[in-house]
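Values below: all heavy atoms of this structure, side chains included; hydrogens, waters and symmetry mates excluded. Not measured: the values here are computed from a predicted model.
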Amino acid sequence: MTSKHSHFKFGAELKKILILFIYFAIWFSALAFLSYSILRKDGIPYAPISLALIKALLCAKFMMLGQALYPIASSKDKALIWQILPRSVVYLIVVLILSALESGLEGWIHHKGFIHSLTNFGNGDLIHILALCLIYWLIVLPYLTFMSLKSVMGEAEIKKIFLGK
């Protein structure tokens with residue numbers, strides 16, 4: 001492999017991580033603001049947006065790793081939904097684990113203990129955790145759909161559809 005090829009590959013990977021980071025950062029920042037707007041009435045301190053950004057960066061990196069281990073290669077011969085759903089569940093689990101770790105880290109920052117805060121993820125409420133799963137799945141699904149369409153239709157056609165000529 002030439003040095004020029006490795007620089008191109010590194011640049012393309014960096015671009016993908018940046019795009020994923022921005023995508024996740026928008027979602028996780030919106031969720032952080034929503035949580036703050038709900039919890040501020042109870043006097044619960046604002047969780048810094050930096051945690052949402054760190055989570056976005058970690059999710060972007062893990063999505064890239066996930067794509068390397070479990071590539072998004074879709075086929076025109078099968079319905080896309082059945083190709084996307086298994087991947088979306090795998091990526092949902094990764095995001096859920098990162099969110100639980102974020103909860104533990106946030107507790108540690110607020111001197112409540114990492115393990116205690118980790119066990120209180122989602123307030124220990126199954127309905128809350130299921131709601132988080134649904135939200136996280138809704139975050140991951142459009143990205144996977146886009147990537148699957150790109151795999152089936154080709155990058156040039158996707159750019160033409162989304163960005164015009």
Side-chain angles (χ1 to χ4, degrees), residues 1-36 46-109 114 117-118 121-122 131-165:
M1 182 178 338
T2 67
S3 176
K4 187 176 182 179
H5 180 70
S6 63
H7 285 292
F8 174 74
K9 187 175 180 177
F10 177 75
E13 294 296 313
L14 191 60
K15 182 180 175 184
K16 286 179 186 178
I17 288 177
L18 181 62
I19 290 168
L20 270 171
F21 168 72
I22 291 168
Y23 179 73
F24 284 130
I26 291 168
W27 272 105
F28 293 142
S29 296
L31 290 173
F33 283 128
L34 177 62
S35 293
Y36 172 66
Y46 173 67
I49 198 74
S50 59
L51 289 178
L53 297 178
I54 290 169
K55 185 165 130 184
L57 185 60
L58 288 173
C59 282
K61 183 60 184 159
F62 278 105
M63 286 288 281
M64 292 299 296
L65 182 62
Q67 286 177 21
L69 298 174
Y70 193 27
I72 299 173
S74 299
S75 167
K76 290 181 181 182
D77 301 335
K78 292 173 47 181
L80 273 181
I81 191 70
W82 303 122
Q83 297 175 65
I84 296 168
L85 283 178
R87 285 180 178 84
S88 69
V89 171
V90 169
Y91 291 142
L92 166 64
I93 291 167
V94 169
V95 173
L96 196 61
I97 290 169
L98 289 173
S99 296
L101 291 174
E102 176 193 21
S103 180
L105 181 61
E106 189 174 338
W108 179 72
I109 289 170
F114 181 84
S117 297
L118 189 63
F121 173 65
L132 286 174
C133 285
L134 182 58
I135 289 169
Y136 293 155
W137 184 70
L138 290 171
I139 292 170
V140 169
L141 192 60
Y143 172 75
L144 293 175
T145 301
F146 178 81
M147 294 304 291
S148 292
L149 285 172
K150 183 175 152 185
S151 173
V152 169
M153 299 172 71
E155 188 170 348
E157 187 65 23
I158 287 294
K159 282 183 178 179
K160 182 179 167 188
I161 289 169
F162 279 91
L163 302 174
K165 291 185 178 188

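- Side-chain contact between Leu85 and Trp137: present, with at least one pair of heavy atoms (C-beta onward) separated by less than 4.5 Å.
- Of all heavy-atom pairs spanning Gln83 and Lys78, the tightest one is NE2-O, 2.8 Å.
- Residue Ile84 comes nearest to Ser148 through the heavy atom pair CG1-OG, 3.4 Å, listed as atom of the first residue, atom of the second, then distance.
- Remark: Ile109 CD1 to Phe114 CZ distance equals 10.5 Å, nearest 0.5 Å.
- The side-chain heavy atoms of Leu31 and Ile139, taken from C-beta on, include a pair separated by under 4.5 Å.
- Looking only at side-chain heavy atoms (C-beta outward), Leu101 and Ile97 come within less than 4.5 Å of each other.
- Side chain of Ser151 to main chain of Met147: no donor-acceptor pair is present (N/O by atom type, distance under 3.5 Å, no hydrogens or angles).
- Distance check: Met153 CE to Lys159 NZ gives 14.5 Å after rounding to the nearest 0.5 Å.
- If you look at Tyr91 and Tyr143, their ring centroids are not closer than 6.0 Å.
- Using cut-offs of 30° and 60° for the angle between ring planes, the Phe28 and Phe24 rings count as parallel.
- Residue Met64 comes nearest to Ile17 through the heavy atom pair CG-CG1, 3.4 Å, listed as atom of the first residue, atom of the second, then distance.
- Among Leu141, Ile93, Leu92, the one residue that satisfies the side-chain contact (heavy atoms from CB on, under 4.5 Å) test with Tyr136 is Leu92.
- With rounding to the nearest 0.5 Å, the separation of CD1 in Ile19 from CZ in Phe146 is 8.0 Å.
- By the 4.5 Å heavy-atom criterion applied to side chains, Leu80 and Thr145 are not counted as neighbours.
- Within the 4.5 Å cutoff, side-chain heavy atoms of Ser29 are placed close to those of Leu53.
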**Study point:** Working for side-chain contact (heavy atoms from CB on, under 4.5 Å), residues Leu58 and Ile54
**Key:** CA-CA 6 Å; Leu58 288 173; Ile54 290 169; 4.0 Å; yes
